[in-house]
J.: 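For reference, the structure I am asking about is given below.
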Amino acid sequence: MTSSYSSLTRALAEALVDVLWFIDGSEDEQMDQDEAVKVMEGVAHVVSTLPSDQQQELIALLGEMAAAETNPARREFLEEFPEGFGLIDDLS
C-alpha cells in the first residue's frame with residue numbers, strides 16, 4: 001500500500017487540519033465549546049513556537065492545501081490558519 005502524501009509532514013498537516021476543521025465547525029451538542037477552545041489554543045501555542053523554518057514549511061503546506069481545496073469554507077479556513085494560529089502576525 002502506498003501513501004497519497006508526499007511526506008510525513010504533509011500527512012500530519014492534513015490530519016491536523018481535518019481535526020481542527022471538525023472542532024471549529026462543531027456545535028454545542030457535538031463538543032463542549034470550552035474544551036474545543038482549549039484544543040484550538042493548544043494547537044496555536046504549539047505551532048507558534050515552532051522554529052521559523054518549520055513555521056514557513058507549514059505555511060507553505062497550508063497554502064498548497066488551500067489552493068487545491070474545492071470547498072470554499074474549508075479553503076477560507078486554510079487561508080486564515082496561519083494568522084489564526086499564530087504563525088504570522090495580524091495583517092490588518
Side-chain angles (χ1 to χ4, degrees):
M1 184 169 140
T2 60
S3 175
S4 62
Y5 301 105
S6 58
S7 69
L8 175 61
T9 303
R10 177 64 183 244
L12 293 174
E14 294 269 0
L16 178 64
V17 166
D18 285 346
V19 169
L20 296 175
W21 172 247
F22 173 79
I23 291 170
D24 188 58
S26 294
E27 300 294 331
D28 289 346
E29 302 80 40
Q30 294 174 297
M31 179 175 293
D32 180 279
Q33 295 303 298
D34 291 334
E35 294 301 317
V37 168
K38 286 179 188 176
V39 170
M40 302 286 261
E41 288 174 346
V43 170
H45 173 74
V46 169
V47 299
S48 69
T49 59
L50 291 171
S52 180
D53 61 324
Q54 291 177 358
Q55 287 184 5
Q56 292 307 311
E57 180 181 7
L58 181 55
I59 290 167
L61 281 172
L62 292 165
E64 292 172 17
M65 292 164 60
E69 183 57 57
T70 58
N71 177 328
R74 187 175 165 98
R75 183 181 323 109
E76 182 179 354
F77 180 80
L78 288 162
E79 291 169 346
E80 293 175 354
F81 189 108
E83 185 178 333
F85 286 87
L87 291 170
I88 59 174
D89 293 330
D90 185 355
L91 298 176
S92 55

J.: Classify the ring geometry between F81 and F85 as parallel (under 30°), tilted (30 to 60°) or perpendicular (over 60°).
T.: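 If you compare the ring of F81 with that of F85, the planes turn out parallel.
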J.: To the nearest 0.5 Å, tell me how far L20 CG sits from M40 CE.
T.: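 It comes to 5.5 Å.
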J.: So, using side-chain contact (heavy atoms from CB on, under 4.5 Å) as the criterion, who are the partners of D18 when residues are at least two apart?
T.: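 Partners of D18 by the side-chain contact (heavy atoms from CB on, under 4.5 Å) criterion, ordered by chain and then number, come out as R74.
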J.: Roughly how far, to the nearest 0.5 Å, is CG of L61 from CD of Q56?
T.: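 Answer rounded to 0.5 Å: 11.5 Å.
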J.: Mind checking the CD-CD spacing from E27 to Q33? Nearest 0.5 Å is all I need.
T.: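 So the gap between those two atoms works out to 7.5 Å.
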J.: Is there a path of hydrophobic side-chain contacts, each under 4.5 Å between heavy atoms of I/L/V/M/F/W/Y residues, joining F77 to M65?
T.: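 Yes.
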J.: Quick one: salt bridge (charged side-chain N to carboxylate O under 4.0 Å, His left out) partners of E64, sequence neighbours excluded?
T.: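 By the salt bridge (charged side-chain N to carboxylate O under 4.0 Å, His left out) rule, E64 matches R10.
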J.: Does some side-chain heavy atom of L62 sit less than 4.5 Å from a side-chain heavy atom of L87?
T.: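 Yes, their side chains come closer than 4.5 Å.
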J.: Check whether V37 and F22 end up in the same hydrophobic cluster, where Ile, Leu, Val, Met, Phe, Trp and Tyr are linked by side-chain heavy atoms less than 4.5 Å apart.
T.: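 No: no chain of side-chain contacts under 4.5 Å links V37 to F22.
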J.: Check whether any side-chain heavy atom of W21 sits under 4.5 Å from a side-chain heavy atom of L78, and report yes or no.
T.: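 W21 vs L78: side chains apart.
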J.: Are side-chain heavy atoms of R75 and N71 found at a separation under 4.5 Å?
T.: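 No - every pair of side-chain heavy atoms lies 4.5 Å or more apart.
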J.: Shortest non-hydrogen contact from G86 to S48?
T.: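 For G86 and S48, the tightest heavy-atom pair comes out as O-CB, 3.5 Å.
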J.: Please say yes or no: joined through hydrophobic side-chain contacts below 4.5 Å, possibly via intermediate residues, are V46 and I59 part of one cluster?
T.: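 No: no chain of side-chain contacts under 4.5 Å links V46 to I59.
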J.: Output the distance between atom CG (L16) and atom CG (L58), rounded to the nearest 0.5 Å.
T.: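 One finds 7.5 Å between CG of L16 and CG of L58.
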J.: Please name the pair of heavy atoms, one in S26 and one in Q30, separated by the smallest distance, quoted to 0.1 Å.
T.: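 Result for this residue pair: CA-OE1, 3.3 Å.
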J.: Indicate, with yes or no, if V43 and L12 share a hydrophobic cluster defined by side-chain heavy-atom contacts under 4.5 Å among Ile, Leu, Val, Met, Phe, Trp and Tyr.
T.: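 Different clusters.
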J.: Looking at K38 and E41, is any side-chain nitrogen of the basic one under 4.0 Å from a carboxylate oxygen of the acidic one?
T.: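 Salt bridge: no.
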J.: Would you check, one step at a time, whether the test side chain to side chain contact (heavy atoms under 4.5 Å, CB included) holds for V47 with Q55?
T.: CA-CA 7 Å; V47 299; Q55 287 184 5; over 6 Å; no
